Colleague: 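One structure, pasted below without further comment.
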Amino acid sequence: MGPDSAPSIKKNASSTEPSGVSVAASYPPSIDELEGIAKELRRKVLRMIFVAGSGHQGGSLSEIEILASLYFRVLRIDPQNPGWASRDRFILSKSHACPGLYAVLAQKGFFLEDELDTFRKINSRLQGHAHIKTPGVEMSGGSLGQGLSFGLGCALSARIDSDSYHTYVLLGDGECDEGQIWEGAMAAAHYGLDNLTVIVDRNRIQNDRFTDEVMKLEPFADKWKAFGWNVLKTDGHDFASLINAFDSARKHPNQPTVIIADTVKGKGISFMENNPAFHASPPTEEDYNKAMLELE
Amino acid sequence: MTSFPMASTREAYGKTLLDIGRSNPDVVVLGGDLNKSTFTHLFAQEFPDRFFDFGPAEQNIMSVAAGLAASGKIPFVSTFAVFGMCRPFDQLRLNIAQPRLNVKIVCTHAGIITGEDGMSAHSIEDISLACSLPGFNVIAPSDSIETIQAVKAASEMDGPVYIRLYRTAIPVVHDDDYVFSFGKGDLIRNGTGVTLFATGSMVGNSLIAAQEIATEGIDCRVINMHTLSPLDEEIITLSAKETGAIVTVEEHYIHGGLGSLVAQVTGKFFPVPLEMVALKGYTESGKPDELIEKYGLGIKDIKFAIKNAYARRTLPIAGQ
Ligand SMILES: [Mg+2]
């Protein structure tokens, strides 16, 4: 499956105004190129949060390779037609990490890059937590634990319609403290939804502290296995291993797959990495300049 | 004294849903292990591929419904009112109300006439909760005939809908030729003395109270407020002007229900004396009739409120 390999049949395609945006890469970028894209996305994330004066950088930086793999190598989507009925769905359940998503959506041409500077400002389509008014955003989020169930609904709809699209849901690890995650996990396995893949951004930090301090998740993989899931583990910053896991998840029959992606919160900025202080506090001007230098 | 035939609103719902499912393949139904009680088992038997049981996991159910709606389906979610409105309120707010998704929540076992199961099972906050969600359409049908039409109307309108039904049979106050008009108060009995605004299960008792008190010289108007959001402000304002006093009657907590909604309208457009027949707090186990009697929702309570409202009536009445 290649990127943007939208088949010509576009049933129930919603009409969208031509955006006049050309898609940045109309071919599958190589791993080397993806590394470059990841740096660019991180710069966009930091700029967005710096300009807005608020936003969640730690989790936006840890999810970048996951998002870039999906949007540049895995998802069958059409940025010119975000409502295409048979598109693959990507649901950002950890919706506070929307700067990462907005950066990749702009990069893909869902909207103009200039719009990123409107993040969190009045009259913007780029809300502080993802909302469906943004082209390419599938779910309105902001309260943790709901995205897996929402994705389950998308996957059931595909099954009813015998549609081949696949649904991907990105969870935070702290988010897995929510009971609803496990309601959804039980139900997705019960219904044997092999058209559903969950990725957990396992950066080991949540809002206040390290996840092990707030609420132990381990043995995390065993929990998913016990709930009836196909469990894959991967380095969440390694493109080759992520893409490999996505391929394997899409092919796996009869069970939903969870990819536990080991990541580093604040990845890419030395002084933010693995530091709970950078979950949501915006960078100072000095921090911002230092960070941008590291991302050159 | 009038007595009405009794009929089940939840059974009317289950049969109507099956009918709708036969003509609309986009309709899917979600349940939480109470599907015989909500009568959605009728749909499940005929359309097993469009029916999903999630067990009692209401938070999951509401978000799944949102995902289905976002994918073009018309999900109907049914469980008991306490489980469908209280438990997953965050999911209703964020996943359904904020993106205004096309999810229909039809809950049975509302109010206190659920009876012996006690206060945990008595849904007395659901109107308030549903109406507090911007964009939610909220309907409390007054009988089985209205239920059938309200459910059909819900399936045809775009956006979230909450419909409130009951465990026990309630009075059938409409004829078969009744036409339900979403968002419009239903004038059942005309009168000039006091206007009774009643909703859901309380319309029957309100009509009986109006008839009984007519012999004592008070001529009541009775309006069935089946739609609580959006509210028919016009009929409320007009009745305030024409009758000069109002009584609201509901099987719901006094805060945030029909009484509060009507007061909000009259307060703005035409303030008149207002008496509220509603619950003052949580109740207990008991037979439905015993609960209605003990907790102040009986015919005598409605008549008492009418007399009080009539005594406080604002005169002269506009237009007289
Ligand atoms: Mg985390």
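The structure presented is a predicted model; accordingly, all values stated were derived computationally and were not measured. Below, chain A is the first sequence line, B the second, and so on; all start at residue 1.
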Colleague: To the nearest 0.5 angstrom, please state how far the CG atom of B:Leu94 sits from the CE atom of A:Met139.
Modeller: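 Here the rounded value is 6.5 Å.
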
Colleague: Go through the atoms of B:Leu30 and report whether side chain, backbone, both or neither lie under 4.5 Å from a heavy atom of chain A.
Modeller: neither

Colleague: Count the heavy atoms belonging to other residues, nucleotides or ligands that lie under 6.0 Å from NZ of B:Lys15, then report whether that count exceeds 12.
Modeller: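 Open.
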
Colleague: Which atom pair, heavy atoms only, marks the closest approach of B:Ser63 to A:Ser149?
Modeller: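 Closest approach of B:Ser63 to A:Ser149, heavy atoms only: CB-CB, 3.3 Å.
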
Colleague: What do you reckon, is CZ of B:Arg167 surrounded by more than 12 foreign heavy atoms closer than 6.0 Å?
Modeller: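 Enclosed: over 12 neighbouring heavy atoms sit under 6.0 Å from CZ of B:Arg167.
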
Colleague: What is the distance from atom CD of A:Gln180 to atom CG of B:Asn95, rounded to the nearest 0.5 Å?
Modeller: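 Interatomic distance, A:Gln180 CD to B:Asn95 CG, rounded to 0.5 Å: 7.0 Å.
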
Colleague: Can you confirm whether more than 12 heavy atoms, excluding those of A:Lys121, are under 6.0 Å from its NZ atom?
Modeller: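 Buried by this count: over 12 neighbours within 6.0 Å.
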
Colleague: Between A:Ser143 and B:Arg93, does the side chain to side chain contact (heavy atoms under 4.5 Å, CB included) criterion hold? Intermediate values first, please.
Modeller: CA-CA 10 Å; A:Ser143 181; B:Arg93 172 181 181 267; 5.9 Å; no

Colleague: Between B:Lys73 and A:Asp161, does any side-chain N to carboxylate O distance fall below 4.0 Å?
Modeller: yes

Colleague: Indicate whether the side chain of A:Gln146 and that of B:Gln59 have a donor and an acceptor atom separated by less than 3.5 Å.
Modeller: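 The criterion, which ignores hydrogens and geometry beyond distance, is not satisfied for B:Gln59 and A:Gln146.
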
Colleague: More than 12 foreign heavy atoms under 6.0 Å from CZ of A:Arg120: is that the case here?
Modeller: yes

Colleague: Tell me whether the count of non-hydrogen atoms from other residues, nucleotides or ligands lying under 6.0 Å of CE in A:Met215 goes above 12.
Modeller: no

Colleague: Could you report the tightest heavy-atom contact between A:Ile132 and B:Pro99, atom names first, then the distance?
Modeller: CD1-CB, 3.3 Å

Colleague: With the side chain counted from C-beta on, respond yes when B:Ser71 and A:Arg89 share a heavy-atom pair under 4.5 Å apart, and no when they do not.
Modeller: yes

Colleague: How far does CG of B:Asp53 sit from NE2 of A:His190, to the nearest 0.5 angstrom?
Modeller: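 Rounded to the nearest 0.5 Å, the CG-NE2 separation comes out at 7.5 Å.
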
Colleague: Evaluate the side-chain proximity of A:Ile160 to B:Asp49: yes if any heavy-atom separation is below 4.5 Å, no if none is.
Modeller: no

Colleague: What verdict does the side chain to side chain contact (heavy atoms under 4.5 Å, CB included) test give for A:Phe150 and B:Val64, after you've listed the backbone C-alpha separation in whole Å, the side-chain angles of each residue and the deciding distance to 0.1 Å?
Modeller: CA-CA 5 Å; A:Phe150 187 96; B:Val64 171; over 6 Å; no

Colleague: Check whether more than 12 heavy atoms from other residues, nucleotides or ligands sit under 6.0 Å from atom CD of B:Gln264, and answer yes or no.
Modeller: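 Counting neighbours around CD of B:Gln264, 12 or fewer heavy atoms of other residues, nucleotides or ligands fall under 6.0 Å, so no.
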
Colleague: At a heavy-atom separation under 4.5 Å, does A:Arg159 approach chain B through its side chain, its backbone, both, or neither?
Modeller: neither

Colleague: Looking at side-chain heavy atoms only, is the closest gap between B:Asn60 and A:Leu152 below 4.5 Å?
Modeller: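 Yes; the side chains approach each other to less than 4.5 Å.
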
